[in-house]
Number of protein chains: 2
Amino acid sequence: MGKYHHGDVRNVLLQKAENILIDEGPTGLSLRRLARLTGVSEAAPYRHFDGKDGILAAVAISAFERFAQKLEDVAARIDTHEDRIMALGAAYVGFAIEHPQHFRLIFGRERPPLDQYPELRDAADNAFDVLQRAVTSVDRKAEMTLTEAATAYNRALAAWSRAHGIAMLVIDGMIAPPADIELDDFVLGLLAEDLNRTDAA
Amino acid sequence: MGKYHHGDVRNVLLQKAENILIDEGPTGLSLRRLARLTGVSEAAPYRHFDGKDGILAAVAISAFERFAQKLEDVAARIDTHEDRIMALGAAYVGFAIEHPQHFRLIFGRERPPLDQYPELRDAADNAFDVLQRAVTSVDRKAEMTLTEAATAYNRALAAWSRAHGIAMLVIDGMIAPPADIELDDFVLGLLAEDLNRTDAA
DNA sequence: TTTCTTATGTTAACTCTGTTTACATTATCG
DNA sequence: CGATAATGTAAACAGAGTTAACATAAGAAA
């Protein structure tokens with residue numbers, strides 16, 4: 001009763017791998033268990049992926065794509081520069097909260113090395129390009145001096161850093177909103193902290 | 001030729017474990033390799049530590065202690081509130097850059113569960129207490145309304161988030177200073193981004 | 001069609017890991 | 001001294017990633 005070529009092993013593996021990853025993270029994902037769970041021999045995954053890193057890379061690629069898509073959608077919908085940066089920050093943190101394992105996978109050191117997976121590198125580059133384009137597409141177009149441009153860039157990095165820090169600290173459970181505040185509002189409050197300054201240092 | 005009780009196995013293991021950890025991270029640390037490297041049987045480490053997590057916990061504890069010490073030193077030396085937050089941020093990121101693996105260990109998910117290692121929990125609590133005390137010890141003492149206090153707290157979280165984000169992005173190689181800027185200045189520039197705002201949103 | 005090649009699947013092995021068990025030795029303390 | 005706890009060992013177990021040798025199915029070429 002040869003069940004050879006039941007057709008779609010690669011996709012099934014990928015799907016199940018992603019589910020396991022969501023529940024248990026990269027360390028909890030075992031190729032052998034995955035194979036057993038898929039009802040296929042323990043060596044079969046190696047016919048479809050370049051070992052464990054290969055599977056992680058495949059998942060990471062789709063994660064990068066969804067991430068980039070979300071950022072792009074948000075960026076396209078907002079007009080003014082400041083609002084766009086704020087909305088991007090919210091989307092960035094939102095993605096991390098909705099898909100913490102994916103977020104960790106694409107940023108953490110469990111991510112397979114980019115130089116060994118060109119498609120992964122492309123996906124990563126694209127995601128960061130989206131981020132950078134959205135952040136540097138200022139309203140007053142091209143009317144900046146060099147130092148102004150440098151300041152804008154620095155500001156973008158600072159915004160990115162804060163969003164990234166919030167994302168990490170929230171999904172690692174180090175910070176959490178007070179009982180009477182919604183998570184979204186909490187995040188927005190942190191992201192907007194710059195803008196509400198009233199007193200001088 | 002019984003070399004039983006050569007005296008200091010625990011410390012030797014710990015030291016070597018820390019070195020391996022610095023070079024290769026938690027995944028690269030193998031108890032068996034560690035034992036062989038120490039010249040002791042492969043089961044010996046289990047006499048001194050509660051398995052791999054036990055060793056990681058021990059290293060994490062000392063990491064937390066050094067981290068807290070550094071923050072405390074800095075906080076004690078700075079007078080004004082704003083300056084202190086800035087200096088703490090710099091120290092925070094500085095620690096991450098000097099000891100990236102330690103930083104990852106105490107914040108990442110490879111860290112053994114706090115509720116299984118009370119001393120680890122204590123070390124962690126202490127470190128974050130230092131951070132929080134330093135950040136909330138305002139100059140104009142106790143003369144704040146509730147909303148002022150809430151704002152101050154929010155601001156502290158925002159500062160922490162940014163410092164954490166910078167630390168992560170820098171040690172993961174996602175952001176780096178321009179060629180003509182020192183790393184320290186780069187970090188300080190990002191941390192201080194709030195304070196330099198001149199234009200209205 | 002038949003045949004050759006490639007893709008896909010399997011089994012069995014190898015090496016490494018974490019961990020535990022049973023046993024041996026040493027140190028310590030009554 | 002002798003009993004007990006601490007520390008060491010070897011041997012085993014289960015699970016992991018990976019590879020090699022082999023088997024079969026599918027598709028292209030003749």
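Reminder, nothing fancy here: chain letters follow the sequence lines and each chain counts from 1. This is a predicted model, so every value here is computed, not measured.
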When you compare the protein's N or O atoms with those of nucleotides 19-21 of chain D, which come within less than 3.5 Å of each other, and at what distance?
unit_1: D/dA21; atom_1: N6; unit_2: A/Arg47; atom_2: NH2; d: 3.1

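Applying the salt bridge (charged side-chain N to carboxylate O under 4.0 Å, His left out) test to pairs two or more places apart or on separate chains, those with a residue in residues 157-174 of chain A are A/Arg104-A/Asp172, A/Arg162-A/Asp194, A/Arg162-B/Asp194.
The residues B/Glu18 and B/Arg66 are annotated as salt-bridged, a charged nitrogen and a carboxylate oxygen being separated by less than 4.0 angstrom. Of the charged side-chain nitrogens involved, none lies within less than 4.0 Å of a carboxylate oxygen, so that A/Lys52 and A/Glu110 do not count as a salt-bridged pair. A salt bridge links A/Glu98 with A/Lys70; the closest basic N to acidic carboxylate O contact falls under 4.0 Å. Classification of A/Glu42 and A/Arg33 as a salt-bridged pair fails, no side-chain N sitting under 4.0 Å from a carboxylate O.
Between B/His164 and B/Phe107, the gap from one ring centroid to the other is short of 6.0 Å. When ring centroids are compared, B/His99 and B/Phe103 stay outside the 6.0 Å threshold.
The phosphate of C/dC16 has neither OP1 nor OP2 within less than 4.0 Å of any side-chain N or O from B/Ser30. For the OP1/OP2 pair of D/dG8 and a distance below 4.0 Å, the side-chain nitrogens and oxygens of B/His48 include at least one atom meeting the criterion.
Rounded to an integer number of Å, the gap from B/Arg32 CZ to D/dA10 P is 12 Å. Spacing between atom CG of B/Leu37 and atom P of C/dT17 amounts to 11 Å, rounded to whole angstrom units. The CD1 atom of A/Ile55 sits 14 Å away from the C1' atom of D/dA16 (whole-angstrom rounding). A/Arg33 places its CZ atom 15 Å from the C1' atom of D/dG17, with the value rounded to the nearest Å. Taking atom CZ of residue B/Phe49 and atom P of nucleotide C/dG18, one finds them 14 Å apart after rounding to whole Å. Rounded to whole angstrom, the span from the CG atom of B/Leu29 across to the C1' atom of C/dT19 amounts to 15 Å. Rounded to a whole Å, the NZ atom of A/Lys52 is 16 Å from the P atom of D/dG15. Whole-Å rounding puts the A/Leu13 CG to C/dG9 C1' distance at 12 Å.
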Set out, in order, the CA-CA distance, both residues' side-chain angles and the distance that settles side-chain contact (heavy atoms from CB on, under 4.5 Å) for B/Phe64 and B/Leu120, then state yes or no. CA-CA 8 Å; B/Phe64 265 123; B/Leu120 179 56; 3.9 Å; yes
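Residues from residues 18-26 of chain A with heavy atoms under 4.0 angstrom of DNA chain D: there are none.
In this structure, the side chains of A/Thr38 and A/Leu34 come closer than 4.5 Å at one or more pairs of heavy atoms.
Residue-level contact check: B/Arg10 touches neither bases nor backbone, having no heavy atom under 4.0 Å from any strand.
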